[in-house]
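Scroll down for the structure; my scribbles are underneath it.
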Amino acid sequence: MVDLSVLRRPLITEKMSALAGTEENRCHQYAFEVTPHANKIQIKSAVEQKFSVKVISIRTVTTLGKMRRYGRFLGKRPDWKKAIVTLEKGQTIALFEHA
């Protein structure tokens with residue numbers, strides 16, 4: 001049984017839209033925010049099962065949370081992890097196509 005809760009949300013930004021590209025020069029790369037303790041094997045199986053695609057490679061980036069001031073109090077935003085997923089040529093994720 002694959003844990004689909006590994007994927008938190010898709011990241012739809014200008015940079016990721018450029019990586020997805022147009023139909024002629026598509027890189028087939030999509031980004032997701034994932035749980036910080038997820039490894040590449042868990043991410044790959046979750047994406048393949050949820051979207052019925054074939055994943056070629058995964059790159060992960062762990063971003064440390066910034067220190068922020070709330071009035072006179074100091075706080076820290078949470079750390080989070082991003083996964084950039086590369087799909088097999090000719091496959092897409094429909095969730096990103098409508099954005």
Side-chain angles (χ1 to χ4, degrees):
M1 187 69 176
V2 177
D3 186 16
L4 295 178
S5 65
V6 168
L7 302 175
R8 286 190 175 167
R9 66 185 179 103
L11 294 177
I12 303 173
T13 61
E14 287 184 38
K15 183 175 183 178
M16 291 317 303
S17 297
L19 282 177
T22 60
E23 195 58 43
E24 301 84 39
N25 57 352
R26 186 178 299 273
C27 294
H28 306 288
Q29 293 183 342
Y30 302 94
F32 296 92
E33 181 180 343
V34 296
T35 55
H37 301 292
N39 60 30
K40 292 182 180 184
I41 297 168
Q42 293 170 332
I43 296 167
K44 178 180 179 178
S45 59
V47 170
E48 285 181 346
Q49 183 175 350
K50 185 166 186 171
F51 299 107
S52 301
V53 293
K54 177 70 176 150
V55 175
I56 294 175
S57 69
I58 295 178
R59 295 179 294 157
T60 57
V61 179
T62 302
T63 304
L64 298 177
K66 297 178 180 179
M67 295 298 292
R68 289 290 180 214
R69 180 179 295 277
Y70 301 102
R72 64 180 182 156
F73 302 104
L74 272 179
K76 181 181 177 292
R77 290 186 177 171
D79 301 341
W80 62 287
K81 189 173 191 176
K82 172 171 57 172
I84 301 173
V85 178
T86 304
L87 301 182
E88 215 172 55
K89 191 171 181 88
Q91 294 188 338
T92 59
I93 296 177
L95 179 67
F96 290 89
E97 300 302 318
H98 301 294

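Side chains included, hydrogens not; waters and symmetry mates left out as well; all remaining heavy atoms used. We count residues from 1, following the sequence as given.
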Minimum heavy-atom distance between Thr35 and Lys81, given as atom pair plus value: O-CD, 3.8 Å
Please round to the nearest 0.5 Å and tell me the distance separating atom CG of Asn39 and atom CD of Gln42. 4.0 Å
Quick one: CD on Gln29 to CZ on Arg59, what's the gap to the nearest 0.5 Å? 5.0 Å
Side-chain donor-acceptor distances from residues 46-58 under 3.5 Å, at least two apart:
from, atom 1, to, atom 2, distance (Å)
Glu48, OE2, Val55, N, 3.1
Ser57, OG, Thr86, OG1, 3.4

Which pairs with one or both residues in residues 67-76 pass salt bridge (charged side-chain N to carboxylate O under 4.0 Å, His left out), sequence neighbours excluded? Lys76-Asp79
Salt bridge (Lys or Arg N to Asp or Glu O under 4.0 Å) against Arg77, all qualifying residues, sequence neighbours excluded: none
Take a 6.0 Å sphere around CD1 of Ile41 and say whether it holds more than 12 heavy atoms from other residues, nucleotides or ligands. no
Enclosure of Glu88 CD (heavy-atom neighbours >12, cutoff 6.0 Å): yes
Roughly how far, to the nearest 0.5 Å, is OH of Tyr30 from CE of Met16? 9.5 Å
Report yes if the side chains of Thr62 and Thr60 come closer than 4.5 Å at any heavy-atom pair, otherwise no. no
